[in-house]
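Written out below as structure tokens is the structure these notes cover.
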Amino acid sequence: MTNKTLLVSGGAGFIGSNFIAYYLKENPNTTIVNLDKLTYAGKLSNLIEVENNKNYHFVAGDICDRTLVEKLFTTYKFSGVIHFAAESHVDNSITNPEAFISTNVLGTFTLLDVAKNHWMEAPNQVKKTCENNRFLHISTDEVYGTLGETGLFTEQTPYAPNSPYSASKASSDFIVRSYFHTFGMNVVTTNCSNNYGPKQHDEKLIPTIIRKAIQGENIPIYGDGKNIRDWLFVLDHCKGIALAFHTGKTGATYNIGGKNERNNVYIANTICEVLDEIAPKEKSYKELISFVKDRPGHDFRYAIDASKIEKDLGWKANENFETGIKKTIDWYLKKYVKA
């Protein structure tokens, strides 16, 4: 994939910005064009380490803007698309589902359809020089619904989304799938578990716990705090995305998970224990943990079986939750505690 130009959508967000920095370091001959609408979740400050890289270009714009997307494909002749852009905060999908349908469904369709028209002559007929062009779609484990006490999501798990967010991501997954089966387009989809790490938006669970703790405010935990997620350190996810993009099988789906199932109370307690050690106060930070009314349709448990990407592509997570959370807390302390 050297000397290629890739379109990365949503590259100013949490996972996208981590991916761009990682990918440019690993692939110095690749050019990346980052198309981002810069909603509340996207920040150019997430990309400080690459903003002066000659192979990095930022374009402010909406993936639903077909005219803009067409223009970018014509100008840059992309050989690949890595599609992060999405509305992703479940609480927001409950209060404003329309934005999720627009970005996640229509936006994915727009990118995919423009890529198909630029790369293919006809169904199952790829243009010369476009034989290796690929569209990688990043999705979520939430499309599979919720799990009971046992079991894991696999690539064969039936879809059963429970929130407007996960329903919109499920829709986008199916659109990507259809472009493979109908047109023979070179697509790959990855479904990941909950990410955490540097640059995550302040609204998310782990940054919220860290921020509230160091500010001495109550740490809000939904319901009884027993909801379980499989936590994946963001850099491990970026490595999995790059592997799927480079060596994944056309038309395939790969689940990327950290094998780090933890419930929300454990997450809060662990963060407080680390803070008690490195930034102690008179009382333990744990005394700030409080329980708030649960959100509607809150899935009980997600957990991913990542054995397919481990076996087929040789991926493995380098961080467990306990090592990754220390790196994460260090980063947020620098952000929140001003010198």
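Every heavy atom of this structure was used, including side-chain atoms; hydrogens, water molecules and symmetry mates were not.
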Inset, instruction - Could you note down all residue pairs passing side-chain hydrogen bond (donor to acceptor under 3.5 Å, both in side chains) where residues 107-120 supplies at least one of them, sequence neighbours left out? - result: R66-D113, E70-H118, H83-T108, D113-Y179
Inset, instruction - Measure the OG1-CG distance between T5 and L72 for me, rounded to the nearest 0.5 Å. - result: 12.0 Å
Inset, instruction - Could you walk me through whether E149 and R301 pass the salt bridge (charged side-chain N to carboxylate O under 4.0 Å, His left out) test, one step at a time? - result: CA-CA 7 Å; E149 300 280 352; R301 174 175 170 259; over 6 Å; no
Inset, instruction - May I ask you to decide whether E273 forms a salt bridge with K286, counting only side-chain N to carboxylate O separations under 4.0 Å? - result: yes
Inset, instruction - Taking T323 for its side chain and E319 for its backbone only, find out whether a donor-acceptor pair lies under 3.5 Å. - result: no
Inset, instruction - Go through the steps to decide whether V8 and L35 satisfy the test side-chain contact (heavy atoms from CB on, under 4.5 Å), and finish with yes or no. - result: CA-CA 6 Å; V8 173; L35 173 62; over 6 Å; no
Legend entry - Minimum-distance pair of heavy atoms, taken over all atoms of A213 and K281: O-NZ, 4.3 Å
Legend entry - E277 atom CD, over 12 foreign heavy atoms within 6.0 Å: no
Legend entry - Separation of Y302 OH from E142 CD (nearest 0.5 Å): 3.5 Å
Inset, instruction - Give the intermediate values and the outcome of side-chain contact (heavy atoms from CB on, under 4.5 Å) for residues T103 and I63. - result: CA-CA 7 Å; T103 297; I63 58 171; 4.2 Å; yes
Inset, instruction - Taking K239 for its side chain and V234 for its backbone only, find out whether a donor-acceptor pair lies under 3.5 Å. - result: no
Legend entry - Shared hydrophobic cluster, V188 / I309 (ILVMFWY, side-chain heavy atoms < 4.5 Å): yes
Legend entry - Check: S290 side chain, N218 main-chain N or O, donor-acceptor pair, under 3.5 Å: no
Legend entry - Option passing side chain to side chain donor-acceptor pair (under 3.5 Å) with N191 (candidates T157, T140, D173, T253): D173
Legend entry - side chain to side chain donor-acceptor pair (under 3.5 Å), paired with Y144, selected from N255, T154, N162: N255
Legend entry - Between CZ on residue F58 and CD1 on residue I32, distance to nearest 0.5 Å: 14.0 Å
Inset, instruction - Kindly determine whether Y159 and F174 satisfy ring pair (Phe, Tyr, Trp, His ring centres under 6.0 Å), including the steps that lead there. - result: CA-CA 10 Å; Y159 275 36; F174 286 142; 4.9 Å; yes
Inset, instruction - Kindly state each residue pair satisfying salt bridge (charged side-chain N to carboxylate O under 4.0 Å, His left out) with at least one member in residues 20-48, sequence neighbours excluded. - result: K37-D62
Inset, instruction - Indicate yes or no: at least one non-hydrogen side-chain atom of D312 is less than 4.5 angstrom from one of T247. - result: no
Inset, instruction - Decide whether F109 and V81 are clustered together by the hydrophobic rule: side chain heavy atoms of Ile, Leu, Val, Met, Phe, Trp, Tyr closer than 4.5 Å, transitively. - result: yes
Legend entry - Donor-acceptor contact below 3.5 Å, side chain D276 vs main chain Y285: yes
Inset, instruction - Check the angle between the aromatic planes of F78 and Y76 and answer parallel, tilted or perpendicular using the 30° and 60° thresholds. - result: parallel
Legend entry - Note: D202-K335 ion pair, threshold 4.0 Å (strictly below): yes
Inset, instruction - Can you sort out the partners of Y196 under ring-ring contact (aromatic ring centres under 6.0 Å, His included), two or more places apart, ordered by chain and number? - result: F233, F321
Inset, instruction - Report yes if the side chains of L112 and V176 come closer than 4.5 Å at any heavy-atom pair, otherwise no. - result: yes
Legend entry - Residue pair D141 / S193, side-chain donor-acceptor N/O under 3.5 Å: no
Inset, instruction - Return yes if some donor-acceptor pair links the side-chain N/O of D230 with the main-chain N/O of I304 below 3.5 Å, else return no. - result: yes
Inset, instruction - Say whether I289 and I228 are linked into one hydrophobic cluster, either directly or through other cluster members, by side-chain heavy-atom distances under 4.5 angstrom. - result: no
Inset, instruction - Give a yes or no on this: more than 12 heavy atoms of other residues, nucleotides or ligands lie within 6.0 Å of atom NZ of K127. - result: yes
Inset, instruction - State, yes or no, whether a side-chain contact exists between I241 and I82 at a heavy-atom distance under 4.5 Å. - result: yes
Inset, instruction - Report the residues that fulfil side-chain contact (heavy atoms from CB on, under 4.5 Å) with V265, sequence neighbours left out, ordered by chain and then residue number. - result: N263, N269, F291
Legend entry - Close side-chain approach of I219 and I271, heavy atoms under 4.5 Å: no
Inset, instruction - Go through the steps to decide whether E155 and R177 satisfy the test salt bridge (charged side-chain N to carboxylate O under 4.0 Å, His left out), and finish with yes or no. - result: CA-CA 13 Å; E155 289 80 1; R177 174 188 163 89; over 6 Å; no
Inset, instruction - Before accepting this row, confirm whether a basic side-chain N of the pair K212/E203 lies closer than 4.0 Å to the acidic partner's carboxylate O. - result: no
Inset, instruction - Taking the side chain as every heavy atom from C-beta outward, state whether L6 and T30 have any pair of such atoms under 4.5 Å apart. - result: yes
Inset, instruction - Can you measure from CG (D236) to CD1 (I256) and round to the nearest 0.5 angstrom? - result: 10.0 Å
Legend entry - Separation between CZ of F100 and OH of Y165, rounded to the nearest 0.5 Å: 8.5 Å
Inset, instruction - Answer with yes or no whether the side chains of H137 and S172 bring together a donor and an acceptor at under 3.5 Å. - result: yes
Legend entry - Partners passing side chain to side chain donor-acceptor pair (under 3.5 Å) against Y266 (at least two apart in sequence or in another chain): E322
Legend entry - Expected output: side-chain N46 to main-chain G42 donor-acceptor under 3.5 Å: no
Inset, instruction - Would you mind reporting whether N53 and P28 have side-chain heavy atoms less than 4.5 Å apart? - result: no
Inset, instruction - Verify whether one side chain among S166 and S163 offers a donor that lies under 3.5 Å from an acceptor in the other. - result: yes
Inset, instruction - May I have the step-by-step check of side-chain contact (heavy atoms from CB on, under 4.5 Å) for I210 and Y336, ending in yes or no? - result: CA-CA 9 Å; I210 299 167; Y336 294 140; 4.3 Å; yes
Inset, instruction - Show the numbers, then the answer: is there a side-chain contact (heavy atoms from CB on, under 4.5 Å) between I214 and L275? - result: CA-CA 8 Å; I214 62 179; L275 286 171; 4.0 Å; yes
Legend entry - Intermediate values then yes/no, salt bridge (charged side-chain N to carboxylate O under 4.0 Å, His left out), E310 and K259: CA-CA 12 Å; E310 288 172 341; K259 290 185 182 169; 3.3 Å; yes
Legend entry - Distance in Å, N55 CG paired with N27 CG, rounded so as to fall on 0.5 Å steps: 10.5 Å
Inset, instruction - Look only at the side chain of E131 and the backbone of T129, and say whether a donor-acceptor pair between them is shorter than 3.5 Å. - result: yes
Legend entry - Check: H201 and Y40 side chains under 4.5 Å, non-hydrogen atoms: yes
Legend entry - Main-chain N/O of F84 paired to S9 side chain as donor or acceptor, under 3.5 Å: yes
Inset, instruction - Answer yes if L232 and F14 sit in the same cluster of Ile, Leu, Val, Met, Phe, Trp and Tyr residues linked by side chain heavy atoms under 4.5 Å apart, and no otherwise. - result: yes
Inset, instruction - Please check if any side-chain donor atom of T250 sits under 3.5 Å from a side-chain acceptor atom of R134, or the reverse. - result: yes
Inset, instruction - Check whether any side-chain heavy atom of M185 sits under 4.5 Å from a side-chain heavy atom of M120, and report yes or no. - result: yes
Legend entry - Set of side chain to side chain donor-acceptor pair (under 3.5 Å) partners for N34, sequence neighbours left out: Y56
